[in-house]
Amino acid sequence: MSIALSRIPSIDFLRGFVAVGRRMSITLAAQDLFLTQSAISRQIRGLESALGVKLFERAHRAIHFTPEGERLFLVADHAMQQLQDGIGALQASTAQQPVTVTASIAFIGLWLLPRLPGFQQLHPKVEVRLSANNNIVDLRQEGLDIAIRYCAGEAMPTGARRLFGETIFPVAHPSLGITRLDDPEIIARSVLLQFEGVASPCWQWEAWLDMQGWSGVRPKGIVRFNLFDQMIHAAIAGQGIALGRSQFIHPMLEDGRLLALPTLQPGPSSNKVFCLLQRDRTPSKETQALIDWIVAEARHTDALPVTR
């Protein structure tokens, strides 16, 4: 048997009843609903009056369902949980989600983070989440919106957008007193900082020395790094000569934290590029705003004069 919708008791009465039934405590139910104990008690009495049945047996510091109360609770609790789940899902679907960008640790730390305040000034309501990770991840499976990938220019993934390439040359802190790398004696008395994160000749000091005609020259020491940003921080600290990527360290060259060291011969050139992938063909307006901003900033980076 069913009744008309108009005859269903107040939702407030039913909510209070379910809260008490879940906790078996008027005090705890009041805390859950941010109400007073007396307000919860009035809701229970109002529901009992509307239904014409007693729902709880009250004992000393305890309450128990009556048979009618237990029967109603089984139905009301299930219905209330469905409402909670449905309304929660609806609110989650309409709430603004952060735009998540995944990129290498070096890209985020040296290129994206220093520029990000500019995006936040233009779009203060867009929340950005950064996922610094050197591993290749699946955007859709991981729930990521944008990925910055590093690969050979001719091997860019389908749908990728080129951001900029890379130009590599030796750099050092001014405190080392080195302004040019044109004498093998400089190598012999220096520590070389070696980036091992990319297996390419352009990042290998051995290949650079070969192209200068100094294949037999040995440095004073070598410190090896698997993360590019750590190597650059070591170079800024004056710990040795590094091979730097112009597109990442341009601000450091501009403010004098690093000096570009001209060589007799150019080193191995790189065919690698940074490119952007987006998860959705038609992204949210927030994601699109971040994509457009990254592309514009990358265009500016690509246009910067290269110091060699």
Side-chain angles (χ1 to χ4, degrees), residues 94-137 139 142-151 160-169 171-174 195 197-198 225-238 242-260 272-280 282-307:
T94 58
Q96 180 176 312
Q97 300 297 315
V99 181
T100 303
V101 182
T102 180
S104 70
I105 296 170
F107 186 94
I108 286 181
L110 296 177
W111 190 88
L112 186 56
L113 270 180
R115 293 167 170 80
L116 196 57
F119 175 79
Q120 292 171 319
Q121 287 182 354
L122 293 172
H123 304 278
K125 294 184 179 180
V126 178
E127 183 179 345
V128 179
R129 177 176 175 270
L130 302 178
S131 176
N133 194 328
N134 288 337
N135 297 323
I136 300 298
V137 295
L139 293 183
E142 299 294 330
L144 306 171
D145 300 295
I146 302 169
I148 309 299
R149 298 276 168 81
Y150 173 75
C151 61
R161 186 181 309 191
R162 182 188 184 279
L163 296 178
F164 49 79
E166 64 177 357
T167 308
I168 302 165
F169 48 82
V171 295
H173 190 268
F195 175 47
V198 179
F225 299 83
N226 68 329
L227 296 177
F228 178 78
D229 59 327
Q230 289 184 352
M231 180 186 68
I232 292 301
H233 291 315
I236 292 173
L243 293 172
R245 179 185 285 133
S246 176
Q247 291 74 12
F248 281 14
I249 63 173
H250 190 270
M252 304 163 198
L253 297 170
E254 289 285 296
D255 63 23
R257 282 178 287 170
L258 290 175
L259 292 177
K272 296 293 184 69
V273 300
F274 290 88
C275 60
L276 181 148
L277 284 169
Q278 60 192 67
R279 182 186 64 194
D280 300 321
T282 306
S284 68
K285 63 179 182 179
E286 292 82 11
T287 300
Q288 189 63 58
L290 185 55
I291 290 172
D292 293 342
W293 176 81
I294 290 175
V295 170
E297 287 293 315
R299 190 179 301 119
H300 177 68
T301 297
D302 223 11
L304 289 172
V306 176
T307 305

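Every value quoted in this text rests on a predicted model; they were computed, and no experiment measured them.
Contact of the Ser104 side chain with the Tyr150 side chain is not registered, since no non-hydrogen atoms from C-beta on lie closer than 4.5 Å. Taking the side chain as every heavy atom from C-beta outward, Trp111 and Thr301 approach each other to under 4.5 Å. In this structure the side chain of Ile148 never reaches within 4.5 angstrom of the side chain of Ile108, judged on heavy atoms. Phe119 is listed as a side-chain neighbour of Val128, based on a closest heavy-atom distance under 4.5 Å.
Arg129 meets the salt bridge (Lys or Arg N to Asp or Glu O under 4.0 Å) test with no other residue; sequence neighbours excluded. In this structure Arg279 satisfies the salt bridge (Lys or Arg N to Asp or Glu O under 4.0 Å) test together with Asp145, sequence neighbours excluded. Listed by chain and number, the residues in a salt bridge (Lys or Arg N to Asp or Glu O under 4.0 Å) with Arg161 amount to none (sequence neighbours excluded).
The distance from the CG atom of Asn134 to the CZ atom of Phe107 is 12.5 Å, given to the nearest 0.5 Å.
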Inset, instruction - Run the numbers on Phe274 and Phe248 for ring pair (Phe, Tyr, Trp, His ring centres under 6.0 Å), then give the verdict. - result: CA-CA 11 Å; Phe274 290 88; Phe248 281 14; 5.2 Å; yes

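Residues His173 and Ala235 approach most closely at CB-O, 3.3 Å, considering heavy atoms. The heavy-atom pair separating Gln121 from Pro124 by the smallest distance is O-CD, 3.8 Å. The shortest non-hydrogen separation linking Phe169 to Ser246 is CE2-CB, 3.4 Å.
For the pair Glu166 and Lys272, the salt-bridge criterion is not met [side-chain N within less than 4.0 Å of a carboxylate O].
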